[in-house]
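Comments concern the structure below.
Computation of the quantities below employed the complete heavy-atom set of this structure, encompassing side-chain atoms and omitting hydrogens, waters and symmetry-equivalent molecules.
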Amino acid sequence: MLISFEGLDGCGKSTQAHRLAQRLREQGYRVELFREPGATPLSESIRRLLLESATEITPLAELLLFNAARAQLVETALRPALESGAIVLCDRFDDSTTAYQGYGRGLPLEVVATCNRIATGGLKPAVTFFLDVPVELALRRSRGSDRLEQAGREFFERVRSGYWEIARQEPERVFCIDATRSPEEVHAHIWRTLQPRLPPLP
Ligand SMILES: Nc1ncnc2c1ncn2[C@@H]1O[C@H](COP(=O)(O)OP(=O)(O)OP(=O)(O)O)[C@@H](O)[C@H]1O
Ligand SMILES: [Mg+2]
């Protein structure tokens, strides 16, 4: 079972992914936790290129780099983990690319969808938690400050509405969680949602 965590930078994805991993392990499940982009040597190199380098990267190049990292992650880590019967948690997955490169950067959504599908080989999360917070709060949590130039703010607003649209289109898979609450409350909501969908313990 593949479970992904989505939302703006600073919304609490990593916090909740770690909490859920711990909770599932306490219940006796075998859990593997990955982050995107990353989790394989190639994908970590691409992560550094994308997130740390000052090199200008066009939106299309960005789309392809995220998906190159994803292709490597899916084939060498996610599929083997899923085949071994583990519950696989992914801190960001294909919806991030749809929200950021599609809705945020404005690349055609069908181009993004095609590229994502090639990279994942059609693998989709069974359940996705979209941790929704206002842009201001996400920025405060991730940077310790709420200052951002208008262009940046508008970009993140588009990303957030993009996530809403994804959740609206796939209500069976994507659960919109109010992540402005405390980490405990957010975790409780995630757990309530996930519990009836979990496979039986091995
Ligand atoms: N529900 C919450 N309430 C208050 N603070 C929180 C909450 N969840 C996480 N935080 C804090 O906000 C910061 C960002 O959280 P976290 O790293 O989990 O977000 P993220 O979505 O993984 O961010 P990024 O996309 O940048 O990796 C951390 O300092 C974390 O401790
Ligand atoms: Mg994180």
Side-chain angles (χ1 to χ4, degrees), residues 1-11 13-14 17 32-83 88-132 135 138 142 151-176:
M1 182 184 202
L2 177 61
I3 301 168
S4 64
F5 290 83
E6 293 286 354
L8 296 176
D9 313 57
C11 68
K13 296 178 297 300
S14 303
E32 295 205 39
L33 172 58
F34 300 101
R35 70 167 179 180
E36 265 216 349
T40 74
L42 175 69
S43 308
E44 288 291 342
S45 303
I46 294 174
R47 181 187 183 90
R48 282 193 293 279
L49 205 63
L50 280 165
L51 306 182
E52 290 165 27
S53 100
T55 319
E56 199 200 307
I57 303 178
T58 69
L60 180 60
E62 199 179 58
L63 171 70
L64 295 167
L65 281 168
F66 276 115
N67 271 310
R70 179 167 302 134
Q72 185 79 14
L73 173 71
V74 167
E75 194 169 327
T76 68
L78 288 194
R79 284 204 191 272
L82 287 167
E83 277 157 21
V88 177
L89 306 186
C90 215
D91 186 341
R92 293 193 180 284
F93 198 54
D94 57 338
D95 297 320
S96 283
T97 310
T98 306
Y100 282 75
Q101 278 66 52
Y103 290 97
R105 301 261 187 247
L107 286 174
L109 293 174
E110 66 277 13
V111 170
V112 175
T114 301
C115 194
N116 284 350
R117 200 160 49 239
I118 293 169
T120 59
L123 177 67
K124 288 293 279 183
V127 175
T128 295
F129 293 109
F130 162 41
L131 307 183
D132 189 35
V135 170
S142 68
R153 191 179 313 277
E154 282 166 7
F155 171 76
F156 287 114
E157 293 290 358
R158 287 197 300 277
V159 173
R160 186 184 184 203
S161 331
Y163 275 124
W164 287 340
E165 185 56 28
I166 294 168
R168 198 185 61 76
Q169 287 177 9
E170 289 183 76
E172 316 266 275
R173 171 178 71 88
V174 183
F175 297 89
C176 185

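The shortest heavy-atom contact between Pro80 and Glu75 is CD-O, 3.5 Å. Ala77 approaches Phe34 most closely through the heavy-atom pair CB-CE2, 3.8 Å. Closest approach of Phe93 to Cys90, counting heavy atoms only: CD1-SG, 4.0 Å. Of all heavy-atom pairs between Ile46 and Leu65, the closest is CG2-O, 3.5 Å. When every heavy atom of Leu73 is checked against every heavy atom of Ala39, the shortest pair comes out as CD1-CB, 3.5 Å.
Counting only heavy atoms from C-beta outward, the side chains of Leu82 and Leu2 approach each other to under 4.5 Å.
The residues Glu110 and Arg117 are annotated as not salt-bridged, no charged nitrogen and carboxylate oxygen being separated by less than 4.0 angstrom.
Arg35 places no side-chain N or O within 3.5 Å of a backbone atom of Asp91 that could act as its donor or acceptor partner. Panel note: side chain Lys13, backbone Leu8; a donor-acceptor pair is recorded below 3.5 Å. For the pair Arg92 (side chain) and Ser4 (backbone), a donor-acceptor distance under 3.5 Å is absent.
Residue Glu172 qualifies as open at atom CD: its count of foreign heavy atoms under 6.0 Å is 12 or below.
Judged purely by distance below 3.5 Å, without hydrogens or angles, the side chains of Glu165 and Tyr103 never pair a donor atom with an acceptor atom.
Note: Tyr100 and Phe156 have perpendicular aromatic rings, judged against thresholds of 30 and 60 degrees for the angle between ring planes.
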| side chain to side chain contact (heavy atoms under 4.5 Å, CB included) evaluation trace for Leu49 with Thr55 | CA-CA 8 Å; Leu49 205 63; Thr55 319; 5.6 Å; no
